[in-house]
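Remarks on the structure that follows.
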Amino acid sequence: MLWIKAFHLVFAASWFAGLFYLPRIFVNLATVPADSHAERERLLLMARKLYRFSSLLMVVALVLGAWLWLSNFRAYAGGGWLHAKLALVVLAIGYHHGCRSLLRGFERFTNQRSERWFRFFNEAAVLLFTAIVVLVVVKPF
């Protein structure tokens, strides 16, 4: 079980690394001048590849997390921290899919958000990751 836990942590941290960097690419895309097609296409290519790779990491992290939960169901059943963690994981999955929607907006030239908005959006993944780690390590309730 320790191997499963170790790989779950590696894949979850790797998934979040993608969630930390993808909105940073969006910040750069929001600042690209309209006449800079090559730079825009390069950033879009990076964002597409990172989104796909992060999606694979997310799936593996979720499968390993479900494996841990199902194999230790009795141990985790009474922990309120686990319910809070699972709620935050659902938010992280929503954030991940929200990144896809934002990427589609850039691809279709329909982005209406500013560079500043993307800078704040970028911080949400850090807050989610921090809260999840604190809940798992500290188990405050």
Side-chain angles (χ1 to χ4, degrees), residues 1-73 75-141:
M1 224 17 79
L2 289 177
W3 284 101
I4 303 302
K5 187 182 290 190
F7 282 112
H8 172 64
L9 289 171
V10 167
F11 279 93
S14 299
W15 168 37
F16 269 92
L19 292 181
F20 297 157
Y21 194 65
L22 187 58
R24 183 65 203 154
I25 295 174
F26 295 159
V27 170
N28 294 330
L29 275 166
T31 63
V32 171
D35 63 342
S36 184
H37 300 292
E39 182 180 3
R40 183 179 183 286
E41 287 305 313
R42 180 179 50 83
L43 289 169
L44 280 173
L45 179 65
M46 289 171 56
R48 283 185 207 109
K49 287 183 176 186
L50 182 58
Y51 181 78
R52 280 194 300 266
F53 186 62
S54 294
S55 295
L56 292 172
L57 295 168
M58 175 186 70
V59 168
V60 175
L62 293 175
V63 166
L64 292 172
W67 188 349
L68 283 171
W69 178 60
L70 292 173
S71 64
N72 294 312
F73 185 74
Y76 293 137
W81 66 270
L82 181 64
H83 295 102
K85 178 205 172 198
L86 292 175
L88 292 177
V89 168
V90 168
L91 282 176
I93 294 167
Y95 183 89
H96 182 90
H97 290 298
C99 285
R100 180 184 61 196
S101 178
L102 294 168
L103 177 57
R104 298 287 185 260
F106 280 111
E107 291 172 334
R108 295 179 184 138
F109 294 93
T110 58
N111 173 53
Q112 301 293 319
R113 305 201 187 274
S114 69
E115 166 198 357
R116 183 176 167 90
W117 186 89
F118 284 108
R119 288 184 187 278
F120 282 106
F121 180 75
N122 189 34
E123 300 307 318
V126 175
L127 296 174
L128 276 171
F129 186 69
T130 303
I132 289 169
V133 169
V134 167
L135 283 170
V136 171
V137 173
V138 178
K139 294 179 178 68
F141 45 87

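Since this is a predicted model, take the numbers as computed values, not measurements. Heads up: numbering here begins at 1 and tracks the sequence. These values consider heavy atoms only, across backbone and side chains, with no hydrogens, waters or symmetry-generated copies.
- When all heavy atoms are compared, the tightest approach of Ala12 to Ala61 is N-CB, 3.7 Å.
- Residue pairs meeting the side-chain hydrogen bond (donor to acceptor under 3.5 Å, both in side chains) criterion with at least one member in residues 22-31: none, sequence neighbours excluded.
- Scored by the side-chain contact (heavy atoms from CB on, under 4.5 Å) test, Val10 finds Ser14 as partners (sequence neighbours excluded).
- Qualifying salt bridge (charged side-chain N to carboxylate O under 4.0 Å, His left out) partners for Arg104, counting only residues two or more places apart in sequence or in other chains: Glu107.
- Counting heavy atoms from C-beta outward, Thr130 and Val126 have side chains that approach closer than 4.5 Å.
- How far CZ of Phe20 is from CG of Leu50: 12.0 Å, rounded to the nearest 0.5 Å.
- For the atom pair Leu44 CG and Leu103 CG, the distance stands at 6.5 Å (nearest 0.5 Å).
- Taking Leu62 as the reference, Met58, Val89, Ile93 meet the side-chain contact (heavy atoms from CB on, under 4.5 Å) condition, with sequence neighbours excluded.
- Residues Asn111 and Leu29 are not in side-chain contact: their nearest non-hydrogen atoms beyond the backbone lie 4.5 Å or more apart.
- In this structure the side chain of Val59 never reaches within 4.5 angstrom of the side chain of Trp15, judged on heavy atoms.
- Residue pairs meeting the ring-ring contact (aromatic ring centres under 6.0 Å, His included) criterion with at least one partner in residues 31-60, sequence neighbours excluded, are Tyr51-His96.
- In this structure, Ile132 and Phe16 have side chains that are in contact, with non-hydrogen atoms separated by less than 4.5 Å.
- A heavy-atom distance below 4.5 Å is found between the side chains of Leu82 and Leu86.
- To the nearest 0.5 Å, the span separating CG on Leu22 from CZ on Arg100 amounts to 12.0 Å.
- The two residues Val136 and Lys85 come nearest to each other via the heavy atoms CG2-CD, 3.6 Å.
- Atom CG in Leu127 sits 11.5 Å away from atom CG in Leu91 (nearest 0.5 Å).
- Across all non-hydrogen atoms, the minimal contact from Trp81 to Pro140 is CB-CD, 4.3 Å.
- Side-chain contact between Leu102 and Phe118: present, with at least one pair of heavy atoms (C-beta onward) separated by less than 4.5 Å.
- Applying the side-chain hydrogen bond (donor to acceptor under 3.5 Å, both in side chains) test to every pair with at least one member in residues 114-129, sequence neighbours left out, gives these pairs: Glu115-Arg119.
- Residues Tyr21 and Met46 meet the side-chain proximity criterion, which asks for heavy atoms closer than 4.5 Å.
- Both tests pass for Arg40 against the ring of Phe109: distance under 6.0 Å to the centre and angle within 45° of the axis.
- Taking each heavy atom of Ala30 and Phe106 in turn, the nearest pair found is N-CE2, 3.9 Å.
- Between Ala84 and Phe141, the shortest heavy-atom contact is CB-CZ, 3.8 Å.
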